[in-house]
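Single-structure report; data block below.
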Amino acid sequence: MARPAPIDSPPPHGRPARSSRSLVRALVPLSGIAVLILVWDVALSLGGGRSQLLPRPFAVVRAIAELAQKGFLLKHVVASLFRVTWGYVAAVIVGIPLGVVLGWYRRGGMAIAPILEILRPISPLAWIPVAILWFGVGDVSAVFIIFLGSLFPLTLTAMNAVRGVEVVHVNAGRNFGLRAPELLRRVIYPAILPQLIVGLRLSLGIAWLVVVAAEMIAVSSGLGFLIIDARNAGNRYDLVVAGMVLIGVIGIALDAIMRSLERSKAVAWGYTTILEGEQPDVAGGDAAGRAAVLP
Amino acid sequence: MTGNAEVKVRIQDLSKAFHTNGHEIRVLEHIDLDVREGELVCILGPSGCGKSTLLNIVGGFLPASSGDVAIDGLPVRRPDPRRIFVFQERGVFPWLTVEGNIGFGISGLPATERAARIAHYVRLVGLEGFENAYPQELSGGMKQRVEVARALAVNPDVLYLDEPFGALDSITRLVMRSELLRIWQTERKTILFVTHDIEESCQLADRIVVLSARPGSIRRVVEVDLPHPRDLSSPRYLALRDSILEEIGLAHRI
């Protein structure tokens, strides 16, 4: 299976069949992970006395199975996703409209943007003591920290995207008789959507980073709690690494979901560099051919 | 032929100055111009002479510093769907298909009527088969046609064209000019066409308004009484072109 051959469908026009190409695309990243696991295992088996520095891959797999068996896996994953969902959704609801308004009314934006710029580089984790003071130890604190972590990048993305909307597009909208609310819905919103989706994806990544840290301090469930608890209650480093692996896998899955939004044709124009790199897949060969037919 | 038609656009003693860093830049001075209904007027001038600014003021996108613009006797205060401004192809909305763009200004119509109008203007500009294509999949000339069709679909009285073919290659530009004339002859819109291209103005216009360098003012208005289609090698056409070249002060030879 190292080199999959296209058996079922012969490649049309001498090009490799689409299915075999996408299979190769899927296998190459997996092979990297396979090599990493191999090196990890071999290094520990050769390490002698130092093999205690990290659990072996199989021990981690066993730990994940143990978590699943006892029902902890689902419990912790759901707890983390629950907090991320609330904090992130709240940040989207507050941050995007706020950013759009700040971008549209430039004066207001100029007054408030510096505040956001100062707050943005402060790690959301620095808010943990403040959150505990305000909301106590518990879910609300964790959700609040995730909310803050996503809020600033989302607001700034929306603000800058609105400022970057082409004047000709706004003018064209006005020319067709659109006033503020309609202009927002039919011109501004679609114009900023490609950037918004990138901002949504990046801030979801931040939210997922932050939830783990917040759970180490403020609550007693979730993947962050699992990691810190496994270490405190008996140095179960197989469980610690199992928690890390789960965080990574779920993080990739969340990112993939957000990435799939970028493939819609109504936003593809906003990612022209990506588009040019994948022209044959995204735009389609016939589109390129069409353009040549007519001036 | 349009000599007795009513005045559609009246520009009276219009001036415009911009203020930047305490400096006043005078862009337009004392422009007086009447454009008759159904007329195709080219505003011709060198780069930076304020001709685009003039069109933006007439279109209601910019306020004048002094003077008035009136259409059908009413002062212009803001953009209006009865007068559509065609930008270079940059004005096409990249998030909408050809159909979506052309139907943009007629979203209030019943669905069947809207679809029929879209289909009509898709045909008029020769984009059949591309209804569902996105602008990024089109060439510059095709995008330009989308914009013209989008403008025509709302059935405006007046079209403002700001160097609409400037970004196109020379062959496409010629094709687009004859298409514009064809559309103008079928739809009978009043057209204000800004260009810095002498040949272009001689090929298209009923009248050519020659602007001076900044601050722009009207140097001369040339009546072009050549019938369409114009023979680009006829002595009368060449004489007209040369007289304008001379007016602008350019050499006849390169």
Side-chain angles (χ1 to χ4, degrees), chain A residues 161 164-197 261-295, chain B residues 56 59-62 78-97 100-101 104-108 125-130 132-145 147 150-151 153-154 156 160 162 168-176 179:
Chain A
V165 174
E166 298 257 4
V167 177
V168 282
H169 292 149
V170 177
N171 277 350
R174 289 174 62 206
N175 201 170
F176 286 104
L178 302 189
R179 298 297 177 82
E182 281 288 280
L183 201 60
L184 207 60
R185 187 175 70 80
R186 297 187 60 199
V187 178
I188 305 296
Y189 170 70
I192 66 174
L193 195 55
Q195 278 164 276
L196 276 190
I197 288 176
L261 296 177
E262 292 174 12
R263 276 183 221 123
S264 151
K265 272 205 167 187
V267 297
W269 61 273
Y271 315 114
T272 37
T273 48
I274 301 167
L275 189 76
E276 274 158 19
E278 295 179 15
Q279 194 89 49
D281 291 330
V282 182
D286 68 329
R290 277 176 194 163
V293 177
L294 280 170
Chain B
N56 272 286
F61 294 104
L62 278 176
R78 61 175 70 91
D80 188 305
R82 285 169 300 176
R83 282 94 62 168
I84 299 293
F85 200 110
V86 177
F87 306 89
Q88 294 186 359
E89 78 260 14
R90 300 170 297 124
V92 171
F93 298 125
W95 55 85
L96 293 176
T97 60
N101 265 288
F104 186 86
I106 49 172
S107 53
V125 298
L127 284 173
E128 298 103 319
F130 296 92
N132 297 314
Y134 279 84
Q136 71 207 16
E137 301 166 337
L138 304 178
S139 67
M142 293 163 85
K143 277 188 259 188
Q144 185 60 70
R145 291 178 205 195
E147 226 190 294
R150 182 178 75 182
V154 299
Y160 304 120
D162 186 7
L168 306 179
D169 67 85
S170 56
I171 294 169
T172 311
R173 213 180 298 154
L174 275 175
V175 173
M176 291 299 295
E179 299 222 342

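Just so we're on the same page: letters track the sequence lines, and every chain starts at 1.
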Check: So which part of B:Ser107 gets closer than 4.5 Å to some heavy atom of chain A, the side chain, the backbone, both or neither?
Finding: side chain

Margin query: Please output the residues of residues 169-178 of chain A in contact with chain B, using a heavy-atom cutoff of under 4.5 Å, in numerical order.
Written below: A:His169, A:Asn171, A:Ala172, A:Gly173, A:Arg174, A:Asn175, A:Phe176, A:Gly177, A:Leu178

Checklist line | Partner set under salt bridge (Lys or Arg N to Asp or Glu O under 4.0 Å) for A:Glu182, not counting sequence neighbours | finding: A:Arg185

Next item on the list: Check whether any side-chain heavy atom of B:Phe87 sits under 4.5 Å from a side-chain heavy atom of A:Val167, and report yes or no.
Entry: no

Next item on the list: Could you tell me whether the side chain of B:Trp95 reaches within less than 4.5 Å of the side chain of A:Val187, counting heavy atoms only?
Entry: yes

Next item on the list: Anything in residues 188-196 of chain A with a heavy-atom distance to chain B below 4.5 Å? Please list those residues in order.
Entry: A:Pro190, A:Ala191

Margin query: I'd like to verify something: which residue of B:Pro94, B:Gly100, B:Pro79 has the highest number of heavy-atom pairs under 4.5 Å with chain A?
Written below: B:Pro94

Check: Taking only residues two or more places apart in sequence or in another chain, which ones pass side-chain contact (heavy atoms from CB on, under 4.5 Å) with B:Pro156?
Finding: B:Ile84, B:Val154, B:Leu159, B:Lys189

Margin query: Which atoms of B:Arg150 are under 4.5 Å from chain A, going by heavy atoms: the side chain, the backbone, both sets, or neither?
Written below: both

